[in-house]
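Working notes, structure below.
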Amino acid sequence: MQTVFSSVLSPQHVFPDHPESPSRFDLLTPRLDSFGAQRLTVMPASKDEIARVHHPRLIASLNEICKQGPAVIDHAPTFVTRTSFDDALLAAGGTLACSRAVLTGAARNAFALIRPPGHHAEPERAMGFCIFNNAAIAARDALAMGEGYPSVKRIAIVDYDAHHGNGTQAVFRNDERVAYLSTHQWGIYPGTGWFEEEPQAKKRIVNVPLPSAAGDEAYQRIADEIFSPFIQLFKPELIIVSAGFDAHWSDPITSLGLSTAGFLMLSKKLVDLAEEHCGGKIVFVLEGGYDPANLANGAAAVFFALNGSGKGPNASDPAPDLEPDVSELIEEVRSWHGFT
Ligand SMILES: [Zn+2]
């Protein structure tokens with residue numbers, strides 16, 4: 001069994017001077033054949049598949065708004081064009097192609113390289129450059145019964161995008177089949193993700209709000225001291241990773257401090273946890289990341305973690321800033337959740 005991927009570029013989902021653009025893939029696309037992974041054919045998700053996460057009212061209204069042509073639909077700003085509705089269906093479909101390949105055993109693991117991204121999209125609201133919540137749609141699909149492939153009962157979503165995945169958290173707030181862990185920069189968009197904000201879901205919804213410049217060493221400790229107990233205690237049968245590469249220190253819109261080596265460490269840790277706890281079933285789903293070089297290097301790191309083939313990300317880009325001490329934060333988060 002091998003690693004598979006989908007690539008959904010959505011070239012017409014584009015808006016003047018917007019960071020979430022097809023050019024994010026400019027340095028990634030030429031490298032896709034070098035990652036030792038097989039490309040999947042992608043079909044659009046159906047409206048019923050989207051409706052496992054999003055309210056039919058939102059789906060209908062987005063379809064109508066897109067028909068009217070380019071528009072800004074929130075202050076992030078989130079934009080749509082005439083093709084955005086179909087592009088978002090294809091992005092969700094590209095994610096489903098990956099998760100289904102892993103669940104059926106056709107592939108060992110997978111990476112959905114898709115846009116528009118998804119983790120800010122809430123059940124009744126598209127926001128934060130996101131239309132439909134791709135990772136959440138894949139999770140609900142995997143939980144669905146009787147559709148010709150084995151279902152799973154427990155899924156963990158780990159989100160290392162620099163922003164809090166408010167949408168994913170909102171979808172699964174009261175769904176005990178899915179656990180959600182997010183590392184994100186505190187104090188930036190969308191403003192959610194404080195570690196005490198979901199007290200009804202201790203151990204299951206875990207937020208790690210980071211200071212700016214938190215880098216490879218901080219993330220290494222978080223991977224060991226928070227990711228590990230989170231997965232060990234929840235016991236998922238599938239791990240979905242919301243992989244955003246905007247946590248790189250040189251991202252133009254955030255200021256966390258990861259390097260490419262840090263993304264490799266995080267991705268490898270999650271692959272190792274999947275090997276240990278879920279028979280290796282892990283699906284990475286692209287979220288943000290607004291520097292094309294960081295996106296290509298970060299994706300290379302994920303593929304190297306998934307299949308160990310090729311030369312790896314082959315990038316040396318250590319962060320220039322000193323890291324803050326995150327010991328107190330880690331202790332607070334561990335103690336709030338009872339990770340002892
Ligand atoms: Zn982000």
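Predicted model, so just to flag it, every value in this text is computed and none were measured. We count ligands from 1, going down the list as the structure has it; atoms in each ligand are counted the same way.
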TODO: Identify, by name, the N, O or S atom of D246 lying closest to the Zn ion (ligand 1).
DONE: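 Looking at D246, the N, O or S atom with the least distance to the Zn ion (ligand 1) is OD2.
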Open item on the list: Between R115 and D87, does any side-chain N to carboxylate O distance fall below 4.0 Å?
Closed with: no
- [ ] Kindly write out the residues that satisfy side-chain contact (heavy atoms from CB on, under 4.5 Å) with T183, not counting sequence neighbours, or none if the list is empty.
- [x] Y160, L181, V208, L210, Y219, I222, F227
Open item on the list: Checking R82 now: which residues fulfil side-chain contact (heavy atoms from CB on, under 4.5 Å) with it, not counting sequence neighbours?
Closed with: none
- [ ] Report the angle formed at the Zn ion (ligand 1) by atom OD2 of D161 and atom ND1 of H163, rounding to the nearest 10°.
- [x] 160°
Open item on the list: Please report whether the ring centroid of H18 lies less than 6.0 Å from that of F129.
Closed with: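 Centroid distance F129-H18: below 6.0 Å, so yes.
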TODO: Tell me, please, if E287 has any N/O/S atom, main chain or side chain, under 2.8 Å from the Zn ion (ligand 1)?
DONE: no
